[in-house]
Student: 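Here's a structure for you.
By convention in this document, chain letters (A, B, ...) are assigned in the order of the sequence lines, proteins followed by strands, and residues within each chain are numbered from 1. Not measured: the values here are computed from a predicted model. When reading the values below, keep in mind they use all heavy atoms of this one structure, side chains included, and skip hydrogens, waters and symmetry mates.
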Number of protein chains: 2
Amino acid sequence: MTKRTNDNGTERITMTDIAKMAGVSVATVSRVINDSPGVSDENRKRISKLIEELGYQPNFTARNLVRQSTRTIAVINMQTLGQLHAQPASGRMLQGIESVLTSNGYRCTILSRDEFAQDMSELRLIKGGSVDGILLNGAKLNDPLALELTQRNFPFVIIGRAIGLVNSHYVDIDNVFGAYSAVESLVRLGHRRIAHVCGSQQTNLGVERLEGYRRALLEAGLAYNESLVIDAGLTRKEVYTSVRRFFENIAQEERPTAVFTFNDFFAIPVIRALLDLGLQVPRDVSVIGFDDDEASQYLNPPLASVRAPISEMGMKAAEMLLKLIQGKQIDSRQVILQTRVIERDSLGSPSPPA
Amino acid sequence: MTKRTNDNGTERITMTDIAKMAGVSVATVSRVINDSPGVSDENRKRISKLIEELGYQPNFTARNLVRQSTRTIAVINMQTLGQLHAQPASGRMLQGIESVLTSNGYRCTILSRDEFAQDMSELRLIKGGSVDGILLNGAKLNDPLALELTQRNFPFVIIGRAIGLVNSHYVDIDNVFGAYSAVESLVRLGHRRIAHVCGSQQTNLGVERLEGYRRALLEAGLAYNESLVIDAGLTRKEVYTSVRRFFENIAQEERPTAVFTFNDFFAIPVIRALLDLGLQVPRDVSVIGFDDDEASQYLNPPLASVRAPISEMGMKAAEMLLKLIQGKQIDSRQVILQTRVIERDSLGSPSPPA
DNA sequence: CTGAAAGCGCTAACAC
DNA sequence: GTGTTAGCGCTTTCAG
């Protein structure tokens with residue numbers, strides 16, 4: 001590409017052009033663009049008008065270079081893009097993040113963690129100065145990337161908890177309590193054999209919700225029985241298959257009368273599997289999910305769930321990150337948002353034994 | 001921020017540093033970084049090693065400035081971020097886009113069209129040189145933004161058709177045919193009164209699918225009856241309310257025995273509304289959607305739909321845009337992807353009149 | 001209040 | 001092969 005020219009051959013207008021036309025120096029133009037003081041009213045007005053008329057827009061990259069910032073942040077996910085975008089909950093998160101970023105003049109770019117690269121390729125982002133901050137959507141135990149970012153003192157906020165990292169900034173929902181209360185509401189309905197279709201135990205999310213399940217059982221005086229925990233995989237297909245197999249192979253008197261699923265995303269194939277085996281929901285098996293996806297209330301039967309303020313979580317995380325970047329005061333490095341059980345028709349009392 | 005320094009006070013390592021340490025000029029270092037010829041093997045090896053050891057990463061912004069490119073593209077949507085991210089189909093699109101962009105060293109940033117700004121604020125993106133190309137997710141009739149981009153000869157690809165724009169680059173699915181075949185399959189089952197819960201008539205998508213519905217009816221010798229077209233709004237809540245009201249207020253003998261919904265996203269509250277009125281699906285009313293969201297097969301009843309290769313559409317659009325930017329040959333400026341009806345249990349023959 | 005000039009970190013002529 | 005140098009378009013001292 002020729003310098004100072006677009007593909008179509010039209011000159012791209014620069015600050016120098018404006019300066020020449022206004023008969024001032026670039027410094028003055030720069031001052032009015034940045035609302036800096038030290039420009040006569042007359043000049044300011046004239047230059048502003050010129051800018052307006054010509055539709056001049058300061059070059060993003062040049063500004064970034066001298067400012068040493070790009071006004072873009074990266075959202076780094078544990079899941080692949082396919083997994084990420086398949087989940088309604090991710091959409092809510094991204095929506096929260098993007099809304100506060102764009103309204104603050106920032107942009108974001110969505111990346112997924114490359115599990116195959118050993119070298120933490122994500123670090124190139126910060127070494128190359130191409131992002132001003134990072135939102136870590138999910139973290140592992142003693143997450144090496146989080147550790148590295150901490151050591152480099154690079155601005156980042158974890159969405160989800162950072163187990164093994166002291167003093168890191170994060171915002172999370174109370175997953176343990178959320179799961180606990182879901183199971184507790186099943187217990188209250190009289191259920192004694194409660195299964196859990198758990199999330200990936202490689203993630204805090206999966207671990208925490210399982211923990212909440214376990215605690216609720218113990219507190220209710222019910223044994224925690226590992227054989228009632230179905231570790232089904234990541235996709236709906238896998239969940240369908242595992243759950244179907246599980247219920248096919250269990251003796252009727254052992255059969256759980258309720259299942260708490262890792263999230264609503266999983267609850268859909270779980271219910272399908274039950275129905276396909278001729279089991280009714282909630283007559284034979286009650287089901288409760290997590291997240292309270294927008295669709296859940298419209299499902300058949302309407303799905304009980306743990307309502308989680310996911311988009312708020314994204315917003316809070318983005319706000320915190322922005323403060324971090326701008327060196328502003330942060331009230332609390334850790335934010336935990338609360339959840340609440342929403343009871344719907346997928347819930348019932350267990351039928352008395354036939 | 002002090003120059004050449006990070007927040008934490010550590011120097012940020014630059015090409016000049018590498019050059020000094022290697023005892024060569026920056027030009028040489030630049031050459032090895034860019035795999036340009038004209039460097040002795042010995043130097044190349046030594047410099048590479050140094051870069052490796054120091055974990056040097058060329059500054060993204062500086063490169064962008066001199067190259068006059070940012071390696072980022074914008075995805076501009078018609079919907080708000082909330083609407084966008086709520087839809088499984090959008091997730092599939094984004095996944096397709098992001099996967100080809102990132103694998104080509106590009107990034108993307110998701111924006112939504114500001115319907116309140118008259119000045120086409122999106123143009124600032126290109127005036128400020130902050131994106132290399134644009135993916136227009138959806139376009140209006142004679143879309144002013146698309147027109148402007150065309151005039152400026154700025155690289156862009158429309159996802160969806162560009163009515164009123166000759167020779168624009170776009171990739172789309174065959175919505176008219178998709179809708180046609182959905183309705184046609186209802187007709188084949190014996191349905192005569194078929195309703196359509198349509199999408200926004202401000203979008204091509206909504207218009208085209210309605211058109212397909214209309215054509216199928218006409219071709220089947222059935223009258224196109226506007227009162228059977230339910231323009232329900234954008235949210236599931238609105239759809240639920242409208243559809244419920246519609247079926248509540250219609251005489252039984254006038255009641256549609258089938259409904260074709262704009263997409264699967266809408267089909268969920270439609271089915272809920274029917275069930276809440278005591279109507280069975282498909283016994284009383286058959287339902288067919290569009291998109292074939294991943295969840296649809298697991299719904300109760302499993303939802304018939306028109307399968308659309310949405311993630312492929314995103315990929316194709318991204319690939320086309322990249323070619324456009326890189327000045328490569330493009331086989332065809334317009335790509336239309338085909339759809340296919342997937343029949344599931346939400347479909348049945350109309351019950352014989354009681 | 002204004003302008004000259006020194007960069008930001010890199011690429012790419014152009015000379016040697 | 002290698003180095004020198006002139007920018008890319010902007011911000012920001014520092015003089016005046």
Side-chain angles (χ1 to χ4, degrees), chain A residues 1-6 11-48 51 54 56-71 124 126-132, chain B residues 1-6 11-48 51 54-71 124 126-130 132:
Chain A
M1 209 193 288
T2 331
K3 306 266 159 100
R4 315 224 29 249
T5 319
N6 272 334
E11 292 247 331
R12 188 175 288 163
I13 162 164
T14 74
M15 214 165 79
T16 314
D17 299 332
I18 304 278
K20 277 195 191 122
M21 301 178 74
V24 296
S25 74
V26 289
T28 303
V29 177
S30 176
R31 287 188 189 102
V32 352
I33 285 172
N34 295 295
D35 276 322
S36 304
V39 182
S40 68
D41 272 5
E42 193 224 312
N43 265 343
R44 194 180 292 275
K45 210 177 297 173
R46 199 154 41 85
I47 295 171
S48 302
I51 288 174
L54 293 164
Y56 166 71
Q57 185 69 26
N59 182 284
F60 185 67
T61 310
R63 284 185 125 163
N64 288 346
L65 182 57
V66 43
R67 289 176 171 171
Q68 301 279 48
S69 109
T70 55
R71 304 214 141 227
R124 283 188 304 203
I126 83 171
K127 288 186 188 159
S130 61
V131 297
D132 291 356
Chain B
M1 211 194 287
T2 332
K3 306 264 159 103
R4 315 222 32 250
T5 318
N6 272 335
E11 293 246 331
R12 190 174 286 165
I13 162 164
T14 75
M15 215 164 77
T16 314
D17 299 332
I18 303 279
K20 278 195 191 122
M21 301 179 75
V24 296
S25 73
V26 287
T28 303
V29 177
S30 176
R31 286 187 190 105
V32 351
I33 284 172
N34 296 294
D35 277 323
S36 305
V39 182
S40 68
D41 273 7
E42 194 222 313
N43 264 343
R44 192 179 293 274
K45 209 177 296 173
R46 200 154 41 86
I47 296 171
S48 303
I51 289 174
L54 294 163
Y56 166 73
Q57 185 69 27
N59 182 283
F60 186 67
T61 309
R63 283 184 125 166
N64 288 345
L65 182 57
V66 45
R67 288 178 172 166
Q68 302 278 49
S69 112
T70 55
R71 304 214 142 228
R124 282 189 306 204
I126 84 172
K127 289 188 188 156
S130 61
D132 291 356

Student: Has S25(B) got a side-chain N or O lying under 4.0 Å from the OP1 or OP2 atom of dT2(D)?
Tutor: no
Student: Using OP1 and OP2 only, check whether a side-chain N or O of S40(B) sits under 4.0 Å from dT2(D).
Tutor: yes
Student: I'd like to know whether CG of D41(A) has more than 12 heavy-atom contacts from other residues, nucleotides or ligands below 6.0 angstrom.
Tutor: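 No, not enclosed.
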Student: Determine the minimum heavy-atom distance between I33(A) and M15(A), stating which atoms define it.
Tutor: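 Heavy atoms of I33(A) and M15(A) come nearest at CD1-SD, 4.1 Å.
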Student: Over all strands shown, is N43(B) touching base, sugar-phosphate only, or nothing at heavy-atom distances under 4.0 angstrom?
Tutor: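 Touches sugar-phosphate only.
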Student: Verify the contact: side-chain N or O of Y56(B) to OP1 or OP2 of dG9(C), cut-off strictly under 4.0 Å; return yes or no.
Tutor: no
Student: Write down the distance between CZ (R31(A)) and C1' (dC14(D)), rounded to a whole number of angstrom.
Tutor: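 Rounded to whole Å, this separation is 11 Å.
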Student: OP1, OP2 of dT11(C) versus side-chain N and O of Q68(B): anything below 4.0 Å?
Tutor: no
Student: Quick check: do V26(A) and T14(A) have side-chain heavy atoms less than 4.5 Å from each other?
Tutor: no
Student: Please check the phosphate of dC10(C) (OP1 and OP2 only) for any side-chain N or O of N64(B) closer than 4.0 Å.
Tutor: no
Student: How close or far is atom P of dC10(D) from atom CZ of R67(A), stated in whole angstroms?
Tutor: 11 Å
Student: Send over the distance from D41(A) CG to dT2(C) P, rounded to a whole Å.
Tutor: 10 Å
Student: Within the structure, does a side-chain N or O atom of T14(A) lie under 4.0 Å from either OP1 or OP2 of dG9(D)?
Tutor: no
